[in-house]
Number of protein chains: 2
Amino acid sequence: MERKKITTIKEIAKVLNVSTSTVSRALNGHPGISPVTTDRVCKVAREQDYIPNRAAISFSKRRSYTLGLIVPEFSEPFFCSAFTAIENIASTHNYNIMIGQSYDDMETEIKIVKKFMNHRIDGLIISIAKKGSDYQQLSALEKLNIPVVFFDCVSDRTDIHFVASNLQAGLLKGIHELVAAGHHKIALINGPAALSASRQRLVAYVKGLKEHGIELKSDFIVATDLSREGNLSALNKLIELNDPPTAVVVFNDYVFLDCFGVLNSKGLKDLFQFISFGNLPDWGLFEHRPFGSIEQFPAEQGSIAANILIQLMNEMSVEEQAPVRCFQKYVDSDIIFFRDSAKVD
Amino acid sequence: MERKKITTIKEIAKVLNVSTSTVSRALNGHPGISPVTTDRVCKVAREQDYIPNRAAISFSKRRSYTLGLIVPEFSEPFFCSAFTAIENIASTHNYNIMIGQSYDDMETEIKIVKKFMNHRIDGLIISIAKKGSDYQQLSALEKLNIPVVFFDCVSDRTDIHFVASNLQAGLLKGIHELVAAGHHKIALINGPAALSASRQRLVAYVKGLKEHGIELKSDFIVATDLSREGNLSALNKLIELNDPPTAVVVFNDYVFLDCFGVLNSKGLKDLFQFISFGNLPDWGLFEHRPFGSIEQFPAEQGSIAANILIQLMNEMSVEEQAPVRCFQKYVDSDIIFFRDSAKVD
DNA sequence: TTGAAAGCGCTAACAG
DNA sequence: CTGTTAGCGCTTTCAA
């Protein structure tokens, strides 16, 4: 059983007694081809079920029209919406996306990059979530002048393009509301210190408190390994403080769910006001919600990253030297409030 | 700014004063190339950072080593895990995946298929969720002898390959438990009649009741458009019956959440025992859970579909006529129980 | 064990 | 406005 051959421009050319270049140009709406010829070519193409062979086109043009996307995991709704947004932008510009899930493992990431290089991707959007990654796995791409845009991660390097969320923006609003309701003892249940996401949250928390003139208390900052046990043990540390907080900022919605679930089952559902960094798609489905959930607009971040990458890729296909500059864009987070904050006595 | 050129086998050949064919063969571990030559070639390849160009390989071999995957939407955890499973199988066999989201829209589906054909995918896994689709959009693939495996959908056609979930298996168990607890008034909140998923559920429900000797009551079968309003209005229809059910099978977890949320807020959380067709990833996160949720094993379904497709694709690359037969596989669903079923008085 | 040569389908100077 | 020609990087007969 063999695959059926698909009509090629050569065959169309033969039928019409013209050259393949003419067919190619006609099919691509090139100017400098007479309307009549163009019509005839297109007609035959249609009749013969001609389907352009992108593999051949890519090969010939030495561009794959494919961009790589590496994220930790698609089961996270955050990356799912980012993907969809990127996909939309990409397809408008006739780019395809090749996907890789790293599961936060650098080995896997390296494998994916290698695979992408085999495919000669024209550019890469990547969300690295590892501590102190030196991005070595990407140096190969750098060497080949293949543009890379980082996404959902912040680095101190000034020579890389990235788009990330400004976590502080949303948190600030949340703290503002809490303060307005009389809260000034606000704790943080952060993620593992190794995660850059944790460091970002810590920075945002510290800045947020500072801007509201709230003093930082070190025992208000606890960490969880994001397991259920870790979440609850972090929660307990706060509960057991002599002077416990009245509000808690948690690493993400899952942490909130664990904490709130336990408190609720003990009849303590109003013990703390919670603010979480949002990653669940639809709180409407949940019985219990935090006071506020910080929205990081993954779709918007994805769109921006995709647009940057496309611009960079276009520059790659041009003779002149591209201007030296770096796209580094922060998308302000926001916060969505789901409940009234109980006044503090 | 131009992309840097990558070493080709031609260059390696020149360095070693051998022919490109020798390099090609050496690199591919061909027999009939002396070990020494092979070593020398590989060494130079490493030194020069040789990266095989899959585009060229595909082009030359007239196989893309890419398989297409079309699903309604990746934000559904069901398809997310299916994708991951398929991806795993595919990559073991050195296949890549090209992804398309149809959003249950046939126009979009057609566009995706077209795009896939441009890329000369070697095979397709597709989950169609449309009513009475005649799969016309796939006839083009059929014409070209490109194998297609349907996934998560059932069709009466005996000439297509598919893997689907046997919804009945899990539902049967669930009904069994309900009956054991004294329930015999079991209703169904189904999805839109247009969805094949709805028809499948109805069939499973009918069979399930029958096998337990429970009489079918038409007013126990209501439908929702899957909006919150639709879900609640369906629920109300059941509540308002003169002789209401004591247990309800719902279309999926989201429907359950809506229904249960309302009942709970009215202090009626034990009015019905719910069985839902599962599509949420982790009930552990939810405060309220159904009595049982039917698991459809998307990962397993995906793996099976991928394996079937790979087998079919391999047959395509072989001279002989493939045996005429059809892979049609049902994966038994199961049910996970989250609560005790309250005894019926 | 290796090489020569043709070809995969299409694009893009260059030339007319 | 159109044709000629060369070539993208690799595989694969066929011949040596």
Side-chain angles (χ1 to χ4, degrees), chain A residues 2-41 44-45 48-65 94 117-120 122 144 317-319, chain B residues 2-41 44-45 48-66 94 117-120 122 144 317 319:
Chain A
E2 293 232 309
R3 210 142 91 196
K4 227 196 89 189
K5 220 178 139 302
I6 298 179
T7 308
T8 68
I9 56 169
K10 207 170 169 183
E11 285 145 358
I12 299 178
K14 195 151 63 180
V15 171
L16 291 170
N17 245 317
V18 295
S19 71
T20 57
S21 11
T22 302
V23 176
S24 170
R25 288 191 269 246
L27 252 19
N28 291 301
H30 235 77
I33 290 283
S34 77
V36 263
T37 318
T38 305
D39 282 353
R40 289 174 63 218
V41 168
V44 175
Q48 312 252 338
D49 288 326
Y50 171 73
I51 306 169
N53 185 333
R54 275 199 85 113
I57 297 175
S58 295
F59 179 47
S60 170
K61 292 210 188 192
R62 267 143 301 169
R63 299 196 66 189
S64 63
Y65 297 99
N94 270 305
M117 306 241 315
N118 283 333
H119 280 271
R120 302 291 193 270
D122 293 329
L144 299 171
S317 58
V318 156
E319 290 289 322
Chain B
E2 292 231 310
R3 209 142 93 194
K4 226 195 90 189
K5 220 179 141 298
I6 298 179
T7 307
T8 68
I9 55 169
K10 208 171 170 182
E11 283 146 358
I12 298 178
K14 196 150 61 179
V15 171
L16 291 170
N17 246 318
V18 296
S19 71
T20 56
S21 5
T22 303
V23 175
S24 170
R25 289 192 265 246
L27 253 19
N28 291 304
H30 235 79
I33 290 283
S34 77
V36 262
T37 319
T38 304
D39 283 352
R40 290 173 63 217
V41 168
V44 175
Q48 311 253 339
D49 288 326
Y50 171 72
I51 305 168
N53 185 334
R54 275 199 86 109
I57 298 175
S58 295
F59 179 46
S60 171
K61 292 212 190 190
R62 267 143 299 170
R63 298 195 67 188
S64 64
Y65 296 99
T66 296
N94 270 306
M117 306 240 317
N118 284 333
H119 281 270
R120 302 291 193 268
D122 294 329
L144 300 171
S317 57
E319 290 290 323

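The shown structure was predicted, so the numbers you read here are calculated from the model rather than taken from an experiment. Sequence lines set the chain letters: A, B, ... in the order given, protein chains first and strands last, and positions in each chain run from 1.
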How is [X] classified with respect to the nucleic acid when contacts are heavy atoms under 4.0 Å: base, sugar-phosphate, or nothing?
{"X": "T37(A)", "result": "sugar-phosphate"}
{"X": "V23(B)", "result": "nothing"}
{"X": "S21(B)", "result": "base"}

State, with a plain yes or no, whether a side-chain heavy atom of [X] is found less than 4.5 Å away from one of [Y].
{"X": "I51(A)", "Y": "L144(B)", "answer": "yes"}
{"X": "I6(B)", "Y": "R120(A)", "answer": "yes"}
{"X": "I57(A)", "Y": "P52(A)", "answer": "yes"}

To the nearest 0.5 Å, what is the distance between [atom1] ([X]) and [atom2] ([Y])?
{"X": "T37(A)", "Y": "H30(A)", "atom1": "OG1", "atom2": "NE2", "value": "14.0 Å"}
{"X": "M117(A)", "Y": "D49(B)", "atom1": "CE", "atom2": "CG", "value": "8.0 Å"}
{"X": "T22(A)", "Y": "I12(A)", "atom1": "OG1", "atom2": "CD1", "value": "12.0 Å"}
{"X": "R25(B)", "Y": "T20(B)", "atom1": "CZ", "atom2": "OG1", "value": "8.5 Å"}
{"X": "N53(B)", "Y": "S58(A)", "atom1": "CG", "atom2": "OG", "value": "9.5 Å"}

Set out, line by line, the N/O atom pairs under 3.5 Å between protein and nucleotides 14-16 of chain C.
none

Report all interatomic pairs (protein N or O, nucleotide N or O of nucleotides 8-10 of chain C) with separations under 3.5 Å.
unit_1, atom_1, unit_2, atom_2, d
dC10(C), OP1, Y50(A), OH, 2.5
dC10(C), OP1, N53(A), N, 3.4
dC10(C), OP2, I9(A), N, 2.7
dC10(C), O2, S60(A), OG, 3.4

Please state how far atom NE2 in H30(A) lies from atom C1' in dA12(C), giving the value in whole angstrom units.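 Computing the H30(A):NE2 to dA12(C):C1' distance gives 8 Å.
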Side chain to side chain contact (heavy atoms under 4.5 Å, CB included) between Y50(A) and V44(A), intermediate numbers included: CA-CA 8 Å; Y50(A) 171 73; V44(A) 175; over 6 Å; no
For the residue pair S21(A) / S24(A), report whether a side-chain donor-acceptor contact shorter than 3.5 Å exists.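 The criterion, which ignores hydrogens and geometry beyond distance, is not satisfied for S21(A) and S24(A).
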What range of DNA chain D does chain A touch, first nucleotide to last, counting atoms under 4.0 Å from its heavy atoms?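 Nucleotide range with atoms under 4.0 Å of chain A: dC1(D) to dG9(D).
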